[in-house]
Amino acid sequence: MRVLVTGGAGFIGSHVVEALERAGHETSVLDVRADPARDVRDPDVVARAVAGVDAVCHQAAMVGLGDGVADAAAYVSHNDLGTAVLLAATAEARVPRLVLAGSMVVYGEGRYTCPRHGTVRPGPRAAADLDAGRFEPVCPHCGTDLVPGLVDEDAPVDPRNVYATTKLAQEHLAAAWARCTGGSAVSLRYHNVYGPRMPRDTPYAGVASFFRSALARGEAPRVFEDGRQRRDFVHVRDVAAANALALEAPSAPGVLTAYNTGSGEPHTVGEMAEALAAAHGGPAPRVTGEYRLGDVRHITADSTRLRTTLGWRPQVGFTEGMREFAEEDQPRQGGVGRRPE
């Protein structure tokens with residue numbers, strides 16, 4: 001299969017290229033880092049890139065919380081306009097398969113259960129609560145403490161920042177493309193991806209990258225809130241393998257199918273910082289109580305659909321992956337197209 005990988009020179013995209021080539025596919029890359037003139041928002045460039053390909057893995061994106069709404073136009077331009085240009089070109093070229101780099105951020109908060117009211121959806125956390133150190137969401141009906149659980153693909157979407165909104169818009173665009181063309185579309189909703197080639201020193205990098213950079217400077221990683229916020233840290237090679245499987249597996253034409261892509265093993269942010277610090281040899285993390293208003297408290301994946309439908313299994317364990325990540329020389333990258341979430 002001939003596969004175009006947008007963002008194929010970046011963190012996740014470069015691993016996707018390697019996974020596809022190991023599986024025997026022929027790849028081409030569209031990425032502004034490889035060539036500044038090859039922008040996914042340029043219709044002529046994209047039309048040439050999709051000519052003759054059998055599938056597209058769309059990894060190119062501007063990621064992270066960024067700077068509130070100050071860079072909203074940049075997010076919409078890179079993520080949504082770029083996706084629209086790409087999909088229009090693939091429709092014209094009759095490309096039948098698309099794998100989209102989706103994100104768990106479309107859910108907002110994860111799944112919560114109240115002892116009295118069952119499954120509930122807490123609203124955004126108030127700044128006053130966060131200032132007072134009240135980090136856990138409570139039941140919107142009775143104010144009772146909630147029990148976090150795994151979120152599945154049928155959970156309601158509730159994007160809570162600009163980046164999350166653009167990622168959901170990408171899925172809607174891909175679904176419209178599938179309906180209009182009869183093509184097969186898959187969104188892999190990545191959870192917290194980490195591993196080799198992860199960027200650093202940029203407001204769009206993930207928390208694992210910030211912790212590793214601090215350790216490299218001999219500084220203690222600064223853990224926000226109380227460090228007990230739960231995430232699903234999944235290794236980039238496992239995410240790349242999911243892309244290869246999604247391309248090759250039979251899928252329904254005319255619809256978009258979403259798959260959570262996570263390890264299935266929740267860990268707290270504090271545990272992740274401790275694992276990195278231990279692998280690096282210190283210093284120990286420092287819990288600061290600081291917060292980012294756009295962050296959610298807990299979001300962890302139920303990846304059963306990906307495992308049962310595509311036969312995907314993560315191969316890199318948490319301790320092993322964090323040790324490798326801590327020891328890797330860090331590339332200095334920044335800007336558009338990085339996917340550290």
Side-chain angles (χ1 to χ4, degrees), residues 3-8 10 12-13 15-16 19-20 40 55-63 75-76 78-88 90-91 95-108 110 150-159 163-193 232 234 236 238-262 264 299-310 312 337 339-341:
V3 185
L4 171 68
V5 182
T6 68
I12 296 177
H15 287 276
V16 170
L20 293 176
V40 75
V56 174
C57 274
H58 185 30
Q59 308 293 316
M62 183 174 179
V63 303
Y75 274 104
V76 172
H78 287 288
N79 296 356
D80 298 339
L81 175 60
T83 298
V85 170
L86 175 69
L87 294 176
T90 57
V95 179
R97 298 181 71 89
L98 170 73
V99 177
L100 172 68
S103 175
M104 53 83 179
V105 295
V106 299
Y107 299 117
L150 302 181
V151 62
D152 64 25
E153 293 88 351
D154 295 325
V157 291
D158 185 17
Y163 169 60
T165 301
T166 65
K167 294 306 293 182
L168 182 57
Q170 282 186 313
E171 288 196 356
H172 289 320
L173 289 166
W177 170 86
R179 287 192 297 271
C180 290
T181 66
S184 167
V186 167
S187 177
L188 296 175
R189 290 175 176 170
Y190 300 159
H191 281 247
N192 290 74
V193 186
D232 186 317
V234 59
V236 66
D238 288 329
V239 167
N243 276 268
L245 287 171
L247 268 182
E248 297 166 352
S251 54
V255 298
L256 178 138
T257 304
Y259 295 98
N260 284 336
T261 308
I299 177 69
T300 53
D302 181 347
S303 298
T304 302
R305 180 183 293 178
L306 183 60
R307 293 168 184 255
T308 58
T309 305
L310 301 188
W312 176 82
R339 300 202 44 86
E341 77 276 14

What's the spacing between T257 OG1 and L100 CG if we round to 0.5 Å? 12.0 Å
If I compare all heavy atoms of S303 with all of W312, which pair ends up nearest, and what's the gap? CB-CZ3, 4.4 Å
Under 4.5 Å between any side-chain heavy atoms of S103 and Q170, yes or no? no
Given the rule in the side-chain contact (heavy atoms from CB on, under 4.5 Å) test, do M104 and N192 qualify, once you have shown the distances and angles that lead to the verdict? CA-CA 8 Å; M104 53 83 179; N192 290 74; 3.4 Å; yes
Only residue of V99, L87, L86, T90 satisfying side chain to side chain contact (heavy atoms under 4.5 Å, CB included) with H58 is L86
Give the minimum heavy-atom separation between A101 and Q59, together with the two atoms involved. CB-OE1, 3.5 Å
Tell me, do H191 and I299 make a side-chain contact under 4.5 Å, heavy atoms counted? yes
In terms of heavy-atom contacts, V106 and A164 come closest through CG1-O, 4.3 Å
Spacing of CG belonging to N260 relative to CD belonging to E153, to within rounding of 0.5 Å: 4.0 Å
Which heavy atom of V186 sits nearest a heavy atom of Y259, and at what distance? CG1-CD1, 3.6 Å
How far does CG of N79 sit from OG1 of T166, to the nearest 0.5 angstrom? 4.0 Å
Separation of E248 CD from R97 CZ (nearest 0.5 Å): 9.0 Å
Nearest heavy-atom approach of V3 to C57 is CG1-N, 4.2 Å
May I ask you to test the R189-E171 pair for a side-chain heavy-atom distance under 4.5 Å? yes
Is any side-chain heavy atom of N243 closer than 4.5 Å to one of L20? no
Could you tell me if the side chain of R305 sits less than 4.5 Å from the side chain of D154, heavy atoms only? yes
Can any side-chain N or O of T6 pair as donor or acceptor with the backbone N or O of A60 at less than 3.5 Å? yes
Would you compute the distance between atom OG1 of T165 and atom CG of D80 and round it to the nearest 0.5 angstrom? 9.0 Å
So T304 and D152, side-chain contact (heavy atoms from CB on, under 4.5 Å) or not? Walk me through it. CA-CA 8 Å; T304 302; D152 64 25; over 6 Å; no
First locate atom CG of D238, then atom OH of Y190, and finally report the distance between them rounded to the nearest 0.5 Å. 12.0 Å
Of all heavy-atom pairs linking A55 and L247, the shortest is CB-CD2, 3.4 Å
